[in-house]
Amino acid sequence: MKHIFRGSVVALGAAAALFLYAAPCRADVLFVHDYKATEYLMGAQDAELLAGYTGQAMFLDKKARYTGRMMEVFLGKDKEVRETVHFLLDKDQIREIDYYKGKVIVFPLEKLSDISWIKGKETLDKDTAEMIRERYRTVPPKLSVTIHPKKETLGGYTCRRVDMDMRLETIDVKKNSSSVTLVKQTLWVSTTVPGYDEYTAFHRKLAKRLGLDALRLGNLSVLLGYWEGSLDPIRDSLKGVKGYPVKSVITVEGHYTASVGTDSAKTNTMQLKEESVELRKVLTGTLDKTRFMAPSEFGVTVVE
């Protein structure tokens with residue numbers, strides 16, 4: 001469950017978060033992306049991201065290479081990882097291939113819309129939950145969205161540029177400190193990308209099947225993964241963000257302030273993550289599912 005249930009369930013896995021958005025699928029389509037990221041702890045990452053759609057299924061695959069000082073310190077070399085997830089509406093399943101353990105983990109799709117079931121997989125003990133409630137206070141998040149009127153050409157597609165800024169703050173009452181997270185995303189979206197209708201069709205079905213707000217499965221799924229609670233306060237700001245994500249650039253910056261409101265207050269700033277995803281090519285025609293399949297020797301574990 002380390003990928004499917006890590007963080008917010010609406011992200012639906014690390015790989016899925018990068019592609020989600022939401023009329024019936026008419027053909028197969030494969031989107032191929034280049035992914036680059038630099039994270040504070042994990043270092044640099046280069047990856048190829050695949051998102052394939054066919055009928056009632058979506059197949060996601062990420063092949064990544066981690067480089068940088070941290071990998072050299074802990075492993076003495078670069079690290080290669082792979083993540084693959086299948087969303088199978090006709091089977092009511094999500095299948096995650098765990099290459100490290102050599103098995104396929106099957107999650108019941110219907111259960112992912114059951115919040116009590118999800119919480120049961122990640123429940124904190126009562127004392128810990130109570131301590132968190134008493135110690136930390138969350139400031140209501142703020143989001144600004146700017147949709148540029150002038151269109152741009154990117155990768156041969158006519159795109160609309162969107163800039164978004166989100167501010168989140170958590171106050172540690174016990175330590176009198178504040179942690180602020182600034183999430184910025186610049187997105188280039190286009191409705192002229194081949195396969196866009198199939199892409200939107202599947203995610204509308206997925207959102208309906210899970211009973212989730214369709215916006216959370218959209219172009220802003222990564223950004224909105226940080227937003228807890230109803231999207232109603234920001235819905236009008238987001239409704240104009242339409243199209244396939246031809247390119248997305250996200251930065252996450254952290255600001256920690258100790259001794260808030262005193263003469264000795266001090267703020268430390270840190271860039272936590274910078275991420276870029278760009279569409280390299282689109283392939284239409286019969287989808288080659290074998291590139292998403294687990295090796296035949298892998299076992300299967302079903303999560304009840």
Side-chain angles (χ1 to χ4, degrees), residues 6-22 35 37-40 115 118 132-133 136-152 154 159-172 177-191 199-200 203-204 206-207 210-257 260 267-278:
R6 182 190 302 147
S8 171
V9 71
V10 297
L12 295 174
L18 296 169
F19 303 104
L20 296 180
Y21 190 69
Y35 175 90
T38 302
E39 298 185 58
Y40 176 66
I115 298 301
I118 295 166
I132 291 175
R133 282 193 296 269
Y136 298 98
R137 182 166 63 85
T138 302
V139 177
K142 297 180 181 179
L143 175 67
S144 65
V145 180
T146 302
I147 301 176
H148 296 265
K150 185 178 179 180
K151 294 184 177 181
E152 302 178 22
L154 190 66
C159 302
R160 181 80 69 186
R161 177 179 168 177
V162 184
D163 291 322
M164 292 149 288
D165 294 89
M166 181 181 292
R167 184 184 188 279
L168 307 111
E169 181 177 6
T170 299
I171 297 173
D172 186 329
S177 64
S178 169
S179 296
V180 174
T181 301
L182 302 178
V183 185
K184 298 178 181 291
Q185 180 175 18
T186 298
L187 186 67
W188 289 263
V189 291
S190 175
T191 58
Y199 164 78
T200 56
H203 291 292
R204 283 193 182 119
L206 182 61
L210 295 177
L212 295 174
D213 193 313
L215 280 174
R216 289 201 179 274
L217 303 184
N219 294 328
L220 307 179
S221 59
V222 176
L223 183 82
L224 294 181
Y226 292 89
W227 184 281
E228 296 185 4
S230 172
L231 297 179
D232 288 344
I234 58 176
R235 191 174 305 280
D236 286 344
S237 299
L238 300 175
K239 64 183 180 181
V241 186
K242 296 180 180 179
Y244 192 85
V246 175
K247 185 176 181 179
S248 171
V249 177
I250 293 177
T251 60
V252 182
E253 191 175 86
H255 299 259
Y256 178 80
T257 303
V260 174
T267 299
N268 291 318
T269 299
M270 181 181 301
Q271 176 125 332
L272 302 175
K273 185 175 184 177
E274 182 173 356
E275 173 186 286
S276 172
V277 184
E278 187 163 1

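What you see below is based on every heavy atom in this structure, not just the backbone, and it leaves out hydrogens, waters and symmetry mates. Note that the structure is a prediction, hence the values are computed from the model and not measured.
Taken from OG1 in T186 to CG in D165, the straight-line distance is 8.0 Å, to the nearest 0.5 Å. Taking CE of M270 as the start and CD of E253 as the end, the distance is 10.5 Å to the nearest 0.5 Å. Put simply, CD on Q185 and CG on L143 are 10.0 Å apart, with the number rounded to the nearest 0.5 Å. Note that the OG atom of S190 and the OH atom of Y244 stand 11.5 Å from one another [nearest 0.5 Å]. Note that the NZ atom of K142 and the CZ atom of R167 stand 6.0 Å from one another [nearest 0.5 Å]. In this structure, L182 CG and T251 OG1 are separated by 8.5 Å, a value rounded to the nearest 0.5 Å.
The two atoms that bring S276 and V249 nearest to each other are OG-CG2, 4.2 Å, heavy atoms only. Looking at every heavy atom in both residues, L168 comes nearest to P141 through CD2-CB, 4.1 Å. Closest heavy-atom contact between L187 and S248: CD1-CB, 3.6 Å. Contact detail for S237 and I147: the closest heavy-atom pair is O-CD1, 4.4 Å. Annotation for L154 and C159: closest pair CB-SG, 4.0 Å, computed over non-hydrogen atoms. Between W227 and M166 the shortest heavy-atom distance is CE3-CE, 3.8 Å.
Side-chain atoms of R137 never come within 3.5 Å of backbone atoms of D172 as a donor-acceptor pair (strictly under, hydrogens ignored).
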Show your working on side-chain contact (heavy atoms from CB on, under 4.5 Å) between L223 and I250 and close with a plain yes or no.
CA-CA 8 Å; L223 183 82; I250 293 177; 5.6 Å; no
Can Y35 and E275 be said to form a side-chain contact (heavy atoms from CB on, under 4.5 Å), step by step?
CA-CA 7 Å; Y35 175 90; E275 173 186 286; 2.9 Å; yes
Apply the test salt bridge (charged side-chain N to carboxylate O under 4.0 Å, His left out) to residues D163 and R161: give CA-CA distance (whole Å), side-chain angles for both, the deciding distance (0.1 Å), then the verdict.
CA-CA 7 Å; D163 291 322; R161 177 179 168 177; 3.3 Å; yes
As a quick check of understanding, evaluate side-chain contact (heavy atoms from CB on, under 4.5 Å) for L224 and I234, giving each step before the final call.
CA-CA 10 Å; L224 294 181; I234 58 176; 3.9 Å; yes
Before you tell me yes or no, could you show the steps for V162 and V145 under side-chain contact (heavy atoms from CB on, under 4.5 Å), namely the whole-Å CA-CA distance, both residues' side-chain angles and the distance that decides it to 0.1 Å?
CA-CA 7 Å; V162 184; V145 180; 3.8 Å; yes
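Counting heavy atoms from C-beta outward, Y136 and S179 have side chains that stay 4.5 Å or more apart.
For T269, the side chain to side chain donor-acceptor pair (under 3.5 Å) criterion is met by H255, not counting sequence neighbours. A search for side chain to side chain donor-acceptor pair (under 3.5 Å) contacts involving E274 returns Q271, not counting sequence neighbours.
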